[in-house]
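What follows is a short report on a single structure.
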Amino acid sequence: MSLSNRDIADVFQAIADSMEILGEDRFRILAYRRASEAIADLPMPLADYRARNALEEIPGIGKTIADKIGVLLDSGSLPLYERLNAQAPPGVRDMLQAPNLGPRNVKRLYTELGIASLDDLRAAIAEGKLRGLKGFGAKSEERIRQGLDLLAQREKRIVMPHALSIVETLMEGLRAAAPGLEQLSYTGSLRRARPTVGDLDLLAAATDTGAVIRAFTGLPQVARIVSAGEAKATVILHSGMQADLMVLPPARWGSALQHFTGSKEHNIRFRELALARGLSFSEQGFKRQDGTLIECAAEAEVYATLDLPWIPPELREDKSEFDAARSKSLPRLVTLADLQADLHMHSTWSDGRASIAEMAAAAQANGLCYIAITDHSAYLGVTGGVTPERLERQAAEVAQVNADFAARGFDFRVLHGVEVDITPDGDLALPDEALAKLDLVIASLHVSLRQPREQVTARLLRAIANPHVDIIAHPTGRILGRRDGADLDMEAVIQAAIAHGVLLEINSGPDRLDLDAMHVRRALELGATIVINSDAHHPDNLTWLRYGVLTARRGWASADQIANSWPAEDLLTKVRQKSQ
DNA sequence: GCCGTTTTCGGCCCGACTGTTTTCAGTCG
């Protein structure tokens with residue numbers, strides 16, 4: 001069993017952690033961290049890169065680390081890793097996770113007191129052993145104890161859609177409670193639309209900063225105030241999430257927003273570019289060599305100072321966005337307003353909660369021009385799925401709904417589709433004759449996701465090759481925080497989808513967001529076409545499209561690459577080409 | 001250890017906060 005990208009990324013992260021504790025060269029440590037993050041975000045297995053002799057083309061990976069990847073792939077272990085494990089073992093590295101405790105002190109606790117795990121640390125604090133150490137007082141010990149408490153109760157990461165809903169309610173409350181607020185935004189990984197986030201970061205601009213802080217800590221959502229000063233506060237919400245608010249003068253809004261949005265990697269690269277021009281950048285603004293400051297009240301001014309166009313937050317991961325910005329080739333990212341259709345919706349014909357007419361009306365109210373009703377095929381546990389016979393009857397209802405729209409003078413259209421299961425053998429759960437009569441066929445994996453890579457990939461490839469299949473829904477089947485997706489050869493899936501004119505879906509369900517952004521980007525690079533669907537089972541679910549759009553944007557998608565931003569006739573032309 | 005619109009050698013982001021300090025080291029975002 002060869003190591004996954006995740007496994008290898010974890011090895012390099014562990015190497016960096018151990019080196020940090022041992023006090024090795026910080027730039028060497030940074031190199032291992034950068035390599036680890038680059039690997040974690042790759043769209044293809046490392047073995048594929050090596051096979052194409054392309055490991056060193058990955059930014060952040062040079063000859064040394066490429067060789068180490070080779071050793072890991074071949075042998076499953078690495079001498080450097082084993083050696084570091086002996087000097088700073090996993091239990092010691094775990095202590096780095098504790099807030100307020102960093103590498104220097106972890107090393108001292110380990111070497112001077114023999115503390116080698118978080119449990120050891122808790123015990124040592126209970127016995128008051130830490131304050132005996134030179135440079136440690138009772139306050140240091142207490143801070144570390146508090147850090148351990150925080151670590152224990154720290155909620156695990158929540159999905160981005162959930163975080164957005166919490167943060168927007170919070171912002172609404174703050175706007176009402178804090179007059180004099182000139183600017184307010186969420187920042188951090190949430191603004192970059194990462195699929196999961198660990199805490200909530202808010203940034204505000206106001207002249208009276210203290211008044212905004214007091215309004216914030218007084219919000220009804222706040223369960224506990226961790227700290228609150230004149231410009232910064234940290235609270236724990238009743239939901240268990242930590243929320244940080246920073247308030248600053250309006251003149252520095254732009255530089256602060258850029259700084260707190262990150263990512264850290266993007267910021268480091270940005271500051272390197274600034275240095276090359278003799279400017280030092282921080283959240284305060286640009287500092288010239290003579291010490292004078294250039295303030296930026298708007299974020300676009302920050303980038304403009306380095307002659308760069310504004311870079312959308314979703315792209316700020318130091319994944320070639322600066323090259324694209326410099327060469328004026330940043331994509332014009334798709335927006336929610338670009339979408340004309342939702343091509344994956346359920347009704348009471350299967351497990352949906354509303355009729356076809358209700359779903360259509362909701363879509364129209366949301367500004368869409370056409371939809372596809374795609375109920376589940378009758379298969380396994382799905383209640384009331386469609387059979388060939390029921391599809392015939394459903395077609396009549398779809399025709400009636402369309403006739404009603406036309407009679408009322410609306411230019412709105414319902415396409416008749418299906419979401420057909422791919423069986424464990426790779427068959428489709430409905431016969432070709434039934435599929436041939438439909439406007440649109442979605443095929444998806446719901447069962448046997450744990451099959452070996454070759455087998456589950458082959459299933460999907462067979463479905464893609466079926467002339468009636470138009471869309472592959474939620475390709476990996478992942479559920480965020482609950483289960484990983486199928487172990488697919490995504491490169492093969494993308495290539496097949498392109499060859500057969502099949503669209504790949506970004507499923508907007510809050511805990512799916514599948515395809516994920518890195519696969520979207522890879523698919524688009526190779527020339528695939530994407531669709532963003534809600535998979536709505538209720539009219540309210542149509543708002544989910546927003547999350548799919550954010551995921552597409554993280555994948556560098558422009559509107560022309562998203563099939564449901566096209567007019568209905570263009571989409572149907574593409575789909576019919578496929579069936580011939 | 002990586003990397004190049006000054007560089008194949010010599011760089012590599014920045015400031016705020018905290019504690020235990022008489023000038024700084026560690027941690028964080």
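Convention: sequence-line order gives letters A, B, ...; per-chain numbering from 1.
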Pairwise [atom1] distance for [N] and [M], with rounding to whole Å:
N      : M      : atom1 : answer
B/dC24 : B/dT20 : C1'   : 10 Å
B/dC12 : B/dT22 : P     : 29 Å
B/dT6  : B/dA16 : C1'   : 33 Å
B/dT21 : B/dA25 : C1'   : 9 Å
B/dG29 : B/dC13 : C1'   : 12 Å
B/dG4  : B/dT8  : P     : 13 Å

Measure across A/R546 and A/L336 and return the closest heavy-atom pair with its distance rounded to 0.1 Å.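 Heavy atoms only, the tightest pair is N-CD1, 3.9 Å.
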Name all residues meeting the side-chain contact (heavy atoms from CB on, under 4.5 Å) criterion together with A/S4; count only those two or more places apart in sequence or in a different chain, and write none if there are none.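 Per chain and number, A/S4 pairs via side-chain contact (heavy atoms from CB on, under 4.5 Å) with A/R6, A/D7.
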Rounded to whole angstrom units, what separation is found between the [atom1] atom of [X] and the [atom2] atom of [N]?
X      : N      : atom1 : atom2 : answer
A/L245 : B/dG29 : CG    : C1'   : 15 Å
A/F12  : B/dC2  : CZ    : P     : 9 Å
A/L273 : B/dT5  : CG    : P     : 10 Å
A/L248 : B/dG15 : CG    : P     : 16 Å
A/I21  : B/dG26 : CD1   : P     : 14 Å
A/D199 : B/dC28 : CG    : P     : 13 Å
A/N100 : B/dA16 : CG    : C1'   : 14 Å
A/K63  : B/dC3  : NZ    : C1'   : 16 Å

Look at [X] and [N] and indicate whether a side-chain polar atom (N or O) is within less than 4.0 Å of OP1 or OP2.
X      : N      : result
A/N267 : B/dC14 : no
A/T64  : B/dC2  : yes
A/R104 : B/dA25 : no
A/R271 : B/dC13 : no

Do A/P250 and A/Q183 come within less than 4.5 Å of each other through their side chains, counting heavy atoms only?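 A side-chain contact under 4.5 Å is absent here.
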With rounding to the nearest 0.5 Å, note down the distance linking CG in A/L513 to CG in A/D511.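 These two atoms lie 8.0 Å from each other.
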NZ/NE/NH1/NH2 to OD/OE distance under 4.0 Å, A/D149 and A/R145: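 So A/D149 pairs with A/R145 through a salt bridge.
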If the threshold is 4.0 Å, N to carboxylate O, is there a salt bridge linking A/E141 and A/K129?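 Result for this pair is no, no salt bridge flagged.
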Report all interatomic pairs (protein N or O, nucleotide N or O of nucleotides 18-21 of chain B) with separations under 3.5 Å.
residue: B/dG19; atom: O3'; partner: A/S140; partner atom: OG; Å: 3.3
residue: B/dT20; atom: OP1; partner: A/G137; partner atom: N; Å: 2.9
residue: B/dT20; atom: OP1; partner: A/S140; partner atom: N; Å: 3.4
residue: B/dT20; atom: OP1; partner: A/S140; partner atom: OG; Å: 3.1

Taking side chain to side chain donor-acceptor pair (under 3.5 Å) as the test, write out the residues that go with A/R269, two or more places apart.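 Applying side chain to side chain donor-acceptor pair (under 3.5 Å) to A/R269 gives A/E272, A/D318.
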Between A/A98 and A/I61, just flag the one whose closest nucleotide in DNA chain B comes earlier from the 5' side.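 Mapping each residue to its closest nucleotide by heavy atoms, the 5'-most match is A/I61.
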Which residue, A/Q284 or A/L96, contacts DNA chain B at a nucleotide closer to its 5' end, judged by nearest heavy atom?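 This one resolves to A/Q284.
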Would you mind telling me which of A/R34, A/R192, A/R194 makes a salt bridge (Lys or Arg N to Asp or Glu O under 4.0 Å) with A/E317?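 Testing A/E317 for a salt bridge (Lys or Arg N to Asp or Glu O under 4.0 Å) against A/R34, A/R192, A/R194 leaves exactly one candidate, A/R192.
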Whom does B/dT8 pair with, Watson-Crick or G-U wobble, provided both distances fall under 3.5 Å?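 B/dT8 is unpaired by these criteria.
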Positive for side-chain contact (heavy atoms from CB on, under 4.5 Å) with A/R316, one of A/E265, A/R554, A/R191, A/K264: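 So the option named by the test is A/R191.
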Reckon [X] touches a base, only the sugar-phosphate, or nothing at all at heavy-atom distances under 4.0 Å?
X      : value
A/G60  : sugar-phosphate
A/K232 : nothing
A/F281 : sugar-phosphate
A/L101 : sugar-phosphate

Measure from the side chain of [X], starting at C-beta and using heavy atoms only, and say which of [options] lies closest.
X      : options               : result
A/Y32  : B/dG1, B/dT27, B/dC28 : B/dG1
A/F260 : B/dG29, B/dG26, B/dG1 : B/dG29
A/H259 : B/dC2, B/dG29, B/dG26 : B/dG29

Sort me out a list of protein N/O and nucleotides 6-12 of chain B N/O pairs below 3.5 Å, or just none if empty.
residue: B/dC12; atom: O3'; partner: A/E272; partner atom: OE2; Å: 3.3

Can you run down the ring pair (Phe, Tyr, Trp, His ring centres under 6.0 Å) pairs that involve residues 60-95 of chain A, sequence neighbours left out, and say none if there aren't any?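 Not a single pair qualifies under ring pair (Phe, Tyr, Trp, His ring centres under 6.0 Å).
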Can you classify the ring geometry of A/F286 versus A/F270 as parallel (below 30°), tilted (30 to 60°) or perpendicular (above 60°)?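 A/F286 vs A/F270 ring planes: tilted.
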Contacts of A/Y32 that satisfy ring-ring contact (aromatic ring centres under 6.0 Å, His included) - sequence neighbours left out: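 Result, ring-ring contact (aromatic ring centres under 6.0 Å, His included) vs A/Y32: A/F12.
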